[in-house]
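Below is one structure, written out as structure tokens; the observations come after it.
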Amino acid sequence: MKKQLGVLVGASAVLGGAAYGISDALFKALISREFRVPKAVSKFITEKEDSGENPLAAKYKECMQYINDYGFERHEIISDRGQKLRGYLMRPKKPSDVYVFGSHGYRCEGKREWCYFAKFYLEEMGYNLFFVDHQSHGESEGEYIGFSSHEHKDCLKWLNYMNNTFGNDIKIMLHGISMGSTTVMLMTGSEALPENVRFTVADCGFTSAMNEFNYKIDTLKLPFKPLIPIISAINHKRAGYDFQKDTDALSAVKKARVPMLFVHGDKDLFVPTKMVYELYDACTAEKELFVVPGADHAKSYHIDKEGYEARIKAMAEKYL
């Protein structure tokens, strides 16, 4: 009996160690800045882009060239966690008191996300475009990705920086995509939101990081659901936030302090389209909903550029 008990204890320890090891690896894959895509996958992606299968490859090069030729100012703040964070300002040819604040998505960066919108905001709308690299992205410091938890607090700090630097009489609109969308939703529901923020565009954001993880595990039929509590505990200890409580956009929009335009593609396979309906229904502020037929994740602007811009113009005319 004692021998059998010893075997069971030993087996449990091995299983527990294996579960922790797998959870630690998944945490790094999800949250760590230093996670690298395996070479075989990276090679496949590169070959696909080079072969012309990526329809946005040429557009991306064109838009990045536009940003680099146009020029931008670099700005910097220090986060409450002591990290140097980078922001970028592109000014229109004619001075404007309107500033678009851009918040990018998961494992993206400011210039890469906002290069597609730059010409529209600068030349057609005549607005300033201020976008940032969130912690652990681009030129900003940081070891872990916050899935909008740390990011929305940093961005509120950026808004205060903008008011102190460019004048508190400026008018600000928020625009976020994917994780950046959840970031601006959390900002919109915060009591710390400056009064000169006029409205928010929230494009394909998730209701919470926890809901997003559970959705991906279910749809991909991955056997990791029992490990979520372990991954969450590791994340809380190392990255300092809770996957549900600290990224809860659904609760935030119930306290939205400015009007909101919700955008989502109806073919989104990364953040499910059902989430935008949940967010829209929960939002208590003035709101608009724009669901783009045929658009996958973060592709609404590329699928229906005219419709997307028309809705931003309508919001701007009404609230700016």
Apply the test side chain to side chain contact (heavy atoms under 4.5 Å, CB included) to residues Met185 and Leu279: give CA-CA distance (whole Å), side-chain angles for both, the deciding distance (0.1 Å), then the verdict.
CA-CA 9 Å; Met185 285 189 276; Leu279 290 161; 3.7 Å; yes
For Phe199, is the NZ or CZ atom of Lys318 found under 6.0 angstrom from the centre of its six-membered ring and inside 45 degrees of the ring axis?
no
Flag this pair as yes if the NZ/CZ of Lys287 is under 6.0 angstrom from the six-membered ring centre of Tyr280 and inside a 45 degree cone about the axis; otherwise no.
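Yes, Lys287 lies over the aromatic ring of Tyr280.
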Would you name the heavy atoms of [X] and [Y] that are closest together and state the gap between them?
| X | Y | answer |
| --- | --- | --- |
| Arg107 | Leu30 | NH2-O, 3.6 Å |
| Pro92 | Asn128 | CD-OD1, 3.2 Å |
| Glu109 | Gly138 | OE1-CA, 3.9 Å |
| Ser148 | Phe206 | OG-CE1, 4.5 Å |
| Pro272 | His264 | O-NE2, 3.6 Å |
| Tyr60 | Cys115 | CD1-SG, 4.1 Å |

Charged N to carboxylate O under 4.0 angstrom, [X] versus [Y]?
| X | Y | answer |
| --- | --- | --- |
| Lys225 | Asp218 | yes |
| Arg33 | Glu143 | no |
| Arg86 | Asp133 | no |
| Lys313 | Glu124 | yes |
| Asp80 | Lys157 | yes |

Will you find, in the side chains of [X] and [Y], an N or O donor that is under 3.5 Å from an N or O acceptor?
| X | Y | answer |
| --- | --- | --- |
| Asn196 | Asn163 | yes |
| Asp154 | His150 | no |
| Asp203 | Tyr308 | yes |
| Tyr319 | Glu286 | yes |

Ignoring hydrogens and angles, tell me if any N or O in the side chain of [X] forms a donor-acceptor pair with the backbone of [Y] under 3.5 Å.
| X | Y | value |
| --- | --- | --- |
| Ser149 | Gly146 | no |
| Thr188 | Arg257 | no |
| Glu288 | Arg311 | no |

Applying ring pair (Phe, Tyr, Trp, His ring centres under 6.0 Å), run through Phe213 and Phe243 and close with a yes or a no.
CA-CA 9 Å; Phe213 297 157; Phe243 283 147; 4.8 Å; yes
Salt bridge (Lys or Arg N to Asp or Glu O under 4.0 Å) with Glu139: which of Arg112, Lys111, Lys84?
Lys111
Between [X] and [Y], is the ring centroid distance below 6.0 Å?
| X | Y | answer |
| --- | --- | --- |
| His175 | Phe117 | yes |
| Tyr88 | His75 | no |
| Tyr116 | Tyr66 | no |

Are Ser208 and Gln244 close enough, and set up right, to give a side chain to side chain donor-acceptor pair (under 3.5 Å), and what steps lead you there?
CA-CA 6 Å; Ser208 75; Gln244 179 62 39; 2.8 Å; yes
Could you work out the complete set of other residues in the hydrophobic cluster of Tyr161, with links drawn between I, L, V, M, F, W and Y side chains under 4.5 Å apart?
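Listed partners: Ile77, Leu85, Leu89, Tyr99, Phe101, Phe130, Val132, Leu156, Trp158, Leu159, Met162, Phe166, Ile170, Ile172, Leu174, Val184, Met187, Leu193, Val197, Val258.
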Hey, what else clusters with Tyr215 if you join Ile, Leu, Val, Met, Phe, Trp, Tyr whenever side-chain heavy atoms sit under 4.5 Å?
none
Test side chain to side chain donor-acceptor pair (under 3.5 Å) on Asp268 and His297 and set out the steps.
CA-CA 5 Å; Asp268 196 329; His297 187 64; 2.8 Å; yes
Check the pair Phe290, Phe262 against ring pair (Phe, Tyr, Trp, His ring centres under 6.0 Å), reporting the backbone distance first and the verdict last.
CA-CA 6 Å; Phe290 180 43; Phe262 293 94; over 10 Å; no
Criterion side chain to side chain contact (heavy atoms under 4.5 Å, CB included) on Lys61 and Gln65, from CA distance to verdict
CA-CA 6 Å; Lys61 290 179 182 177; Gln65 189 65 50; over 6 Å; no
